[in-house]
Amino acid sequence: AQDRRQHQPGDVMLGVTGSTKRVGGEPLTLRGAVAEATASGLNLQSDAVGGAAWSAGVAALAVPVMQRRVFTSAATTWTPPASVVSAKISVIGGGGGGGGGNSTAAANAGGGGGGGGGGAVIWLSGLATNATFSINTGTAGTGGAGGGPGTAGTAGGSSNFATYASATGGAGGGAGGATEGTGGAGGGGVGGDINTSGGRGGNSATAPVQFGGAGGASLFGLGGPGGTLTTGFNGTGFGGAGGGGMGGAANAGGDGRAG
């Protein structure tokens, strides 16, 4: 006989080694159920939505556990716990700082946006529990000072996961001058199963608009907007770049974010 019942949104079907777990000959379908781990396995208890309240211990059900770690120190190490046998590694370079705006009356362009950090994603399996991996996190680029003329932002630092994957930081945005401040180039990823380039920073505008250029994005970060009446805005997330400061006044560029 076939089970022709339509499953509703929120139903949970539990599979064990490729087969459906059954209780009393019926598929174990939980509508509105809650699950809690117990010492004897996984205890499943319905909230009586769509049927009478019941509970069943399913000791044979294997429930994989996912762990997430974020490393932000400039240099550190990681030793996988005994329970970790595979890992998805994401490496992000630091975002570049935005350039400062030029306050000189005759040459007052805004600063260019910094470049976003590059990225690399790699999947590793068969990790040895006694292995130790070195990790370096790229530093954030700093925004350039505004003035007559302004100064360029600094580049973000490079990040790496041991020798497996690395990502370079984005370049700093150019200073505002008599002409537009140029946006910084984005960083790049190397060694990953997926490698991404950070977004290039935007060029600034010249008089009479004088807006700063927007910062470039990274795989896990957004670039800060360029200054329209103020300094450039900082990047967000991991590896987002800073926006350039507006020209016409001593508006500094925004800072990038570390990888």
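Every value quoted in this text rests on a predicted model; they were computed, and no experiment measured them.
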Cluster question for you: counting only ILVMFWY and a side-chain heavy-atom cut-off of under 4.5 Å, with indirect links fine, are Val70 and Val121 together?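 Linked, Val70 and Val121 end up in one cluster.
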Following the transitive rule for hydrophobic clusters with a side-chain heavy-atom cut-off under 4.5 Å over Ile, Leu, Val, Met, Phe, Trp and Tyr, establish whether Ile194 and Ile92 coincide in one cluster.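 Linked within one cluster.
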Among Val85, Thr79, Val84, which residue meets the side chain to side chain contact (heavy atoms under 4.5 Å, CB included) test with Leu127?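 Considering Val85, Thr79, Val84, a side chain to side chain contact (heavy atoms under 4.5 Å, CB included) with Leu127 is found only for Val84.
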Among Asn136, Val91, Ile135, which residue satisfies the side chain to side chain contact (heavy atoms under 4.5 Å, CB included) criterion with Phe71?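 Output: one option passes, namely Ile135.
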Which heavy atom of [X] sits nearest a heavy atom of [Y], and at what distance?
| X | Y | value |
| --- | --- | --- |
| Ala241 | Gly115 | CB-O, 3.3 Å |
| Pro149 | Gly176 | CB-O, 4.1 Å |
| Ala152 | Ala175 | N-CB, 3.6 Å |
| Ala249 | Ser103 | C-CB, 3.5 Å |
| Ile122 | Ala165 | CG2-CB, 4.2 Å |
| Met246 | Gln210 | CG-O, 3.2 Å |

Could you state the interatomic distance from [atom1] ([X]) to [atom2] ([Y]), rounded to the nearest 0.5 Å?
| X | Y | atom1 | atom2 | value |
| --- | --- | --- | --- | --- |
| Phe233 | Thr228 | CZ | OG1 | 6.0 Å |
| Lys88 | Ser125 | NZ | OG | 15.0 Å |
| Phe133 | Leu124 | CZ | CG | 6.5 Å |

Side-chain donor-acceptor pair present, Ser158, Thr168, cut-off under 3.5 Å: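 No.
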Does [X] use its side chain to pair, donor to acceptor, with the backbone of [Y] at less than 3.5 Å?
| X | Y | result |
| --- | --- | --- |
| Thr151 | Gly144 | no |
| Ser204 | Gly110 | yes |
| Ser159 | Thr137 | no |
| Thr154 | Thr142 | yes |
| Asp193 | Trp123 | yes |
| Arg257 | Asn234 | no |
| Asn102 | Asn108 | no |
| Ser218 | Gly221 | yes |

Quick one: are Tyr164 and Ile89 in side-chain contact, heavy atoms under 4.5 Å?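 Sidechains of Ile89 and Tyr164: no contact.
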Indicate the ring-plane relationship of Phe161 and Trp78, choosing parallel, tilted or perpendicular according to the 30° and 60° boundaries.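 Geometry flag for Trp78 against Phe161: tilted rings.
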